[in-house]
Every structure is written in structure tokens, then in C-alpha cells.
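Remarks on the structure that follows.
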Amino acid sequence: MLKIYNSLSRNKQTFTPIEANKVRMYVCGMTVYDFCHLGHARVMVVFDMVSRWFRASGYDVTYVRNITDIDDKIIKRAFDNGETIDVLTQRFIDAMDEDSARLGIIRPDIEPRATQHIDGMITMIAKLIEKGHAYQSSNGDVFYSVRSFADYGKLSGKSLDDLRAGERVEVDSFKKDPMDFVLWKSVKPNEPNWDSPWGKGRPGWHIECSVMSAHHLGAHFDIHGGGQDLQFPHHENEIAQSEATHNCQMANTWMHNGFVRVDDEKMSKSLGNFFTIRTVLEKYDPEVVRFFILRAHYRSPLNYSDVHLDDAKASLTRLYTSLRGHEVSTHKIDWSQPQAARFKEAMQDDFNTSEAMAVLFDLANELNKTKQTTTANLLFNLAGVLGLLQQDANDFLHGAGTTINTNIGVAVASGFQAQVSFVPSDIDHLIQARLEAKKSKNFAEADTIRKQLADTGIILEDTPQGTTWRRA
RNA sequence: GGCGCGAUAGCAAAGCGGUUAUGCAGAGGCCUGCAAAGCCUUUUAGCCCGGUUCGACUCCGGGUCGCGCCUCCA
């Protein structure tokens, strides 16, 4: 039995699909006006892991992750850049796709864009007005009336009377209640707009998710996910819109992943302490980043630093080292096998990837001792459920997945001297030369060669099967 | 002011009312020409104060500290 922490009930609950063997899942994706940062990487990786686990468990999964391609920040950024919104958003959608592919993320089944669902939003807004949940104010904007929805605050645990609207942001005087939020914004000069019964304008932020989730998954679906910062007001508002429109529960389970932090503070644009995915990938293999994210439980805060990435890299290196030299292939996992059962138990407990990974390390230890290919295959396939260890071991250890420049002549700063790194063919030649030296018991020469390689970050390892190498 | 989360060894990070988490780092050993990798052994824990219990890191209460949400944010 799979248990998931449900933000709505604030405890772990046994997951029961609405329709047998099917999971319908909606996750709030990116607003595409800039490169994705590590916080975005976490959402993508976490829910990729969740969908992979459902599939590994035999569920038929429909995973929808939206793209917000119209909003204030996009309009502003496009204006500042002197480009059209379409050009701007497409560029960052492409960048996002590239980043997510590198992180080993399986694309969601459906990636709807807000601008493709304007009609649906207009229909829903009209319905909300008709049912008395929304109103058009004198400035033309249409607002949702939070007081009209009795359950408002049930997700975030907030009470309308306790919310301090206006304390930090000036309240829009056109609202009946300070917490009312906009469904439709009337047109402003030089802004993109669509026709609607309330005049030309564009949608507010929250309405898109209510419309797109219902369109692709139905009014009532299994799981809604996103970053913790979306719990309020975004998800609260989605519930208010959807449940008022459809008269039924929106999502059974709400999942929120924890923040990525820097120096114990939330990584965010406003604090300026964010690292984009591509910046981090200049230095680390994407799988190291994926490993780093999955090593912690998805709801815990995750502190980012180079030290932690280095640590993750060392750990992942241990797993790949154990796999080296084994022929592995994709197999169906026998979940009755003790280690597989332990892995499964961990995953069934609210996706405890941390514990699941401990199983991988135990398998690596077993593999190092027994050298059994069946163990290698189990390790490979269990890790595969997490989207890990799917590279060729030597490719990973040789640093093929990194952007470390392997061209001759590229200087690697080290101490006072710039040193030169080698291409793999040079390394092979040097390894051969060292083996010759060893054969003739010229250990001084052999050690010189090894030192020469070590100075450029190449570590040699002699094994009964010959000499292998890896990047430090 | 309201609401919520967390505090585990040098670092990271889990489970668990009594039995080795796990990874990195440290120590010793085996292996190795020497290393590296690997294997074996091992040192460092559970914010503070009470309570429950035969027994608490684990449950309960109270502190302290840190973080988050209440505004756009993954």
C-alpha cells in the first residue's frame, strides 16, 4: 500500500486511485520568462520520480504539467528585451526542455499552455459569475469572491479573518474583499489581449490550472502537485475556482515538495540567490544533480552548495564503480527479492527515496563482494526506477556526461601551474606505457606516468582485468 | 499578529519505543610493487528541561533556536 502525505489532510494517507489502476496527476510547471533554476529542477525531478514509481507499480499514469506562457513577468520581460512574447516564451520553453532532458526527466504526457486554453478560462469565469462566485468590478477586472466559497483556506490552513491582506501589498480598491483575486484582467495599452464577455483582456494566473486540469484530467482527479510556495495562494485559489465550478472535490491528494535553499534561505529570484540548472550543469554531471535531489526526502528542505554536490558525486561514483565491468540490461523487477522488497517498502512510504537509496548502496556492497551479475542487474533496475545509474559506468566515471573539457591544451587551474588534461586516447597510451614500465619492474617510470595523469585529475585503478581510469 | 515545518554524529541524510541506516570524511587492517578501487573492523549522534515507560533519538508537555507561508515565486 502506497502512502502519500496529503497537504490537504496534513498527514500520510493510503493512496486509492479514483479509477482502478489509473493515476491522473497534475503538476504546476514553469512560468517561462527565464532559465529554470534548481528549485524548478527539484519539482521536475521529484514528480518525475513520482510518476516513475506509479508506472513501476503498474499504474496507467496520465501526467500533466502546465506551462504558463502569459503573465505580468512575461509581458514585462518581453518588453524589456524588445521581443515578442511568443519569441521569449518559446526560447525558454526550449531551454526548459533541454534542461529537463539532461536531468533524465521523462516528459509529462501532456504539457498544456495557458494561451491554448483561453476559451476554457472564459467559460469557467462566466460560470463562476453565474453562480455568484465572481464579479466584474468598475475597472473591468473580474474577481473571484473568496467569501463566497465556504471552504476557502482548507488547503493552506488559513482563515480569511486571520489573513493580513494589504499589510505588505496595497489592496486593490476595486475588490470587495482584500483577498479576492483576479480571474480576468481588462486590457492595458500594448498588452496582449483576448476578447471576452467582459471586454478585451487577459486571464489571471490561477484560472489556467483549474481549466487545464479539468480539461485533461476531469473535474476530479487523483494528485495535484507543485512547489511548497504554490500552496498559498495559488493552489488554494485553484480549489476555490474548480470546486465552486464543478461542485466536486478537485484533487484527492495534494503534494508539495520542499524548497531548495542556499545558506539556509529559500532559493528565489527576489533574494537573488538562485542558481540556474545550466550553470550547475557546467560543473556537474546532470545525474549528480538528480542524485543530489533524490537523496533527500522530497518534502525536506534541500541545501545547495558545491560541497554537497561534491559529496553527491562521490556517492554516485561508488555506485557506478560497483557496476563497472558488468553487463546489465533492463529486466522486470522481482519485488519479492528481499532488497527489492525493502526498496519498494521505502518508496511506498511517501516516496522515501533516501531509504530506497540506502538499498542501492547495500546492493553495491554486495555486488563488490560477490561480483554476481544478477546483483548488478537488480541494482541497475532498481536505480532505474529513480532514473539513476542508466549511463554506461565507464562513461560516467570518465566524465563523459560532464562538460569537463577533454581537449588537449585546455588548462586546468591547479595551484600555481596551469596543467594540461588528456583525451581518452592519450590516457590509453599512457596506461600502456605504464604497463610496459611495470612489466620491466621500472616502477619509478610507472609512478611518474601515474602522477602525470593524477595531476590532471585522472585516477588509475589496477584491477585483475587490467587498468581502468576515472576522473576525480 | 495568524498558520505551519524542522532541530540526528565532522558533513549530508533516513528509519525505528529496546537490535549496524546509508553515503562522504577520519582511524586501523586486508589486498596492492606502491597506489587507487574494493573488502573487514572502528571513532564521532540525536537542541534544552520535564513527563509517560522496565526501557525514548523515537511518544507527550514546555522552552530555545532555525526556516517557511500569510505578495509574485517551484
Side-chain angles (χ1 to χ4, degrees), chain A residues 7 10 27-31 36-47 65 68 71-73 153 156-171 179 181 205 225-234 236 256-261 264-271 274 291-292 295-297 299-303 305 307-319 321-322 324 342 345-346 349 352-362 364-365 367-369 371 397 438 441-444 446-447 450-451 454 459-464 467-470 472:
Chain A
S7 302
R10 279 169 272 277
V27 172
C28 287
M30 265 50 77
T31 300
C36 291
H37 59 65
L38 239 32
H40 301 114
R42 192 173 193 190
V43 184
M44 293 196 278
V45 169
V46 162
F47 288 100
R65 190 184 63 208
T68 299
D71 99 314
D72 291 357
K73 284 189 288 264
S156 54
K158 296 186 189 308
S159 137
L160 277 172
D161 297 319
D162 292 338
L163 287 165
R164 301 185 137 201
E167 177 144 295
R168 291 157 71 189
V169 170
E170 206 174 329
V171 174
M179 292 312 296
F181 57 92
W205 174 38
Q228 209 170 43
D229 43 2
L230 297 185
Q231 189 170 352
F232 188 91
H234 185 54
E236 194 69 62
H256 293 99
N257 65 271
F259 295 131
V260 175
R261 298 177 176 180
D264 288 318
E265 276 188 322
K266 175 185 171 182
M267 180 181 288
S268 74
K269 299 245 171 170
S270 51
L271 287 168
F274 63 93
F291 180 94
F292 167 68
R295 175 169 72 161
H297 184 85
R299 286 191 281 116
S300 305
L302 181 62
N303 253 316
S305 77
V307 172
H308 297 153
L309 266 290
D310 288 341
D311 184 82
K313 181 185 172 184
S315 300
L316 189 56
T317 297
R318 174 170 166 82
L319 294 179
T321 301
S322 73
R324 186 166 51 182
R342 209 181 124 210
E345 196 183 344
D349 182 15
N352 190 342
T353 51
S354 197
E355 178 67 23
M357 275 195 195
V359 175
L360 301 185
F361 284 98
D362 285 349
N365 175 258
L367 177 57
N368 285 331
K369 281 190 279 195
K371 306 288 180 198
L397 295 168
K438 276 177 56 164
K441 305 272 185 216
N442 188 353
F443 294 120
D447 289 350
R450 188 169 62 198
K451 175 76 164 54
I459 296 166
L460 298 188
E461 292 168 1
D462 293 335
T463 74
T467 300
T468 60
W469 62 275
R470 66 184 167 91

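Values below: all heavy atoms of this structure, side chains included; hydrogens, waters and symmetry mates excluded. Within every chain, numbering begins at 1; the chains are lettered A, B, ... in the order of the sequence lines, protein sequences first and strands thereafter.
Between A:Glu236 and A:Lys158 no salt bridge is recorded (no basic side-chain N to carboxylate O distance below 4.0 Å). Remark: A:Asp447 does not engage A:Lys438 in a salt bridge, criterion side-chain N to carboxylate O under 4.0 Å. Checked for salt-bridge contact, A:Arg450 and A:Glu461 miss the test: no charged N lies under 4.0 Å from a carboxylate O.
At the heavy-atom level, A:Asn368 lies under 4.0 Å from the strands shown only through sugar-phosphate atoms. When heavy atoms are screened at a 4.0 angstrom cut-off, A:Ser159 is found touching no nucleic acid atom at all. As judged by a 4.0 angstrom heavy-atom cut-off over every strand, A:Phe232 is placed among residues touching the sugar-phosphate backbone only. Residue A:Asp462 is classed as a base contact, given a heavy-atom separation below 4.0 Å to a base. When heavy atoms are screened at a 4.0 angstrom cut-off, A:Gly258 is found touching base atoms of the nucleic acid. As judged by a 4.0 angstrom heavy-atom cut-off over every strand, A:Val46 is placed among residues making no nucleic acid contact.
If you check B:U22, B:G33, B:G23 against the side chain of A:Arg450, the one that comes closest is B:G33.
Phosphate proximity of B:G23 to A:Arg318: present, with a side-chain N or O under 4.0 Å from OP1 or OP2.
Remark: side-chain polar atoms of A:His308 are paired, donor with acceptor, to backbone N or O of A:Asn303 under 3.5 angstrom.
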